[in-house]
J.: 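Okay, handing you the structure first.
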2 protein chains.
Amino acid sequence: MSGQPKGWEAIRAEVLRRIRARDWAPGEAIPNEADLAAEFGCARATVNRALRDLAAAGVLERRRKAGTRVALHPVRKATLDIPVTRAEVEARGQSYSFRLLQSEMALPPVPVALKLGLAPGSRLLHLRTLHLADGKPFLHEDRWLNPAALPQPLPDFAAISANEWLVTHVAYTSGDIAFSAENASDAEAAILGLPKGTALFVTERSTWSEAQPITAVRLAHAPGYRLHTLV
Amino acid sequence: MSGQPKGWEAIRAEVLRRIRARDWAPGEAIPNEADLAAEFGCARATVNRALRDLAAAGVLERRRKAGTRVALHPVRKATLDIPVTRAEVEARGQSYSFRLLQSEMALPPVPVALKLGLAPGSRLLHLRTLHLADGKPFLHEDRWLNPAALPQPLPDFAAISANEWLVTHVAYTSGDIAFSAENASDAEAAILGLPKGTALFVTERSTWSEAQPITAVRLAHAPGYRLHTLV
DNA sequence: GAGTGGTCTAGACCACCAA
DNA sequence: TGGTGGTCTAGACCACTCC
């Protein structure tokens, strides 16, 4: 019967406050939705919305019948925005350009074929692209495309970057992304104009559409790149 | 009047299918909620739930009065789980341990003080910890803690890792996370038992609770570390 | 079996903002 | 200023799962 928060965001804030204040300690069950709705003087659906949101953020754990508990190990969930490279460069106020270094049908390396679940011997389109910000190397992209799963005809990838074409011509269904750090090889260092061994921030992505493998790509970012998240 | 999907997830799937099929092209407006509800034979709230979810995923853009459009530049939003280090190591089936290398009050470097918004001259608790997986260096943690914002008494950080203690004793309110790649310094390479210059995956996090700065931490991961996301 | 969260409905009011 | 999404309500049924 305390002060009555207005709206589901206010309820979420109040629940968070109680958790912070340790009124409800980690591992402990909190009142059920019906009771909270009565206390806050709102409909159960409103409480549900607030608690669902906190559960999605990893703050609460909910199970039917078992009720709602304060998460013991609040797995921090962070959401990243992964923009198209052009947008990323332009958002920094720099001019974007790119150079297609290579475009040819080839046999992908085994790890790539495995990751995409392709039969050995399948040939893919291999694209290597250097993306530039204000004319300086920004990102080296090494991409394998599965033409069998793409709408035809394919464009001229020297004129439009593969990423932008895919975004508008292939529906994104699912994929996975991994981030890691690697020392630049001789070849990659040369491409990016860096000393050999420079630490590179590497993004690897593979994408499927309707269970068909579309593309596997490795992005090696020049030093200074930071993937940033506001939580 | 097509086949009637059941439930908001089915509606989300159907909308996604139409976007993938380019029935609704990028940049194009889709019917409003009321019309879709009529078509699908469900309540508007159900359509709303589905479209809100797609908007949160970056697939749709919604504005009052302007309606709902297929996103032109589908900013990929990836959600990362960032577990406590102990859980992360144990999830690999390895045994977790850690060694406190340093614990002392000290003046933080300027960038740390700035990031936390502290007055120059504020002294913080400086902790350096080596986390081990199966006895091998896994992660070097360099942490600055603001005792003024923490519940007293502070624990023995040689017995419980700062991360685990914070998780259960300080409510998480907000913070930001950044990822980058760095070449290991001599000192850090020695601590991690690596050659100098090895590429390290670095996570930097700062955390506030109720507008009070709690902690700034830099985590340097040994090679092989990958931050992985299923989308 | 029974309690809990998950979802749906039909209707309503409101905030926002492009026309 | 009217159309659109955002939200809330009161009630209902269902799915899951702990006891």
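Each chain gets a letter, A, B and so on, in the order its sequence line appears, and its residues count up from 1. In this text the structure is predicted, and so the values were computed from the model without any measurement. We use all heavy atoms of the structure for the numbers below, so side chains are in, but hydrogens, waters and symmetry mates are not.
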J.: Closer than 4.0 Å, any side-chain N/O of B:T68 to the OP1 or OP2 of D:dG5?
T.: yes
J.: Figure out the CZ/C1' separation between B:R49 and D:dC8, and round it to whole Å.
T.: 15 Å
J.: Consider side chain to side chain contact (heavy atoms under 4.5 Å, CB included). Of A:N163, A:L125, A:T129, which one does A:R143 pass it with?
T.: A:N163
J.: Grab the CG-P distance between A:L54 and C:dG5 for me, whole Å please.
T.: 14 Å
J.: Measure from CZ on A:R63 to P on D:dT17 and round the result to the nearest Å.
T.: 8 Å
J.: Name the residue from B:E88, B:R99, B:R86, B:E141 that meets the side chain to side chain contact (heavy atoms under 4.5 Å, CB included) definition with B:H131.
T.: B:E141
J.: Indicate, with a heavy-atom threshold strictly under 4.0 Å, whether A:A45 touches base, sugar-phosphate, or nothing.
T.: base
J.: Expressed as a whole number of angstroms, how long is the span from A:L51:CG to D:dC8:P?
T.: 13 Å
J.: Counting only side-chain heavy atoms from C-beta out, which of C:dG5, D:dG6, D:dG2 sits nearest to A:N32?
T.: C:dG5
J.: How long is the line joining NZ of A:K65 and P of C:dG6, in whole Å?
T.: 15 Å
J.: Which one, C:dT7, D:dT7, D:dC8, comes nearest to the side chain of A:N48?
T.: C:dT7
J.: Starting from P on C:dT9, measure out to CD on B:E33 and report it in whole angstrom.
T.: 13 Å
J.: Side chain of B:R64: nearest nucleotide among C:dG5, C:dC16, C:dT7?
T.: C:dC16
J.: Would you check if the side chain of A:R69 reaches a backbone N or O of A:G27 as a donor-acceptor pair within less than 3.5 Å?
T.: yes
J.: Side-chain N or O of B:T46 less than 4.0 angstrom from OP1 or OP2 on C:dT7?
T.: no
J.: Using modelled atom types only, decide if a donor and an acceptor are shared between the side chain of B:T215 and the backbone of B:W144 within a distance under 3.5 Å.
T.: yes
J.: Grab the CZ-C1' distance between A:R44 and C:dG6 for me, whole Å please.
T.: 8 Å
J.: Nearest heavy atom decides the nucleotide; on that basis, is B:A66 or A:A66 closer to the 5' end of DNA chain D?
T.: B:A66
J.: Starting from C1' on C:dG5, measure out to CD1 on A:I30 and report it in whole angstrom.
T.: 12 Å
J.: If only atom types and distance count, is the side chain of B:R205 paired as donor or acceptor with the main-chain N or O of B:I177 below 3.5 Å?
T.: no
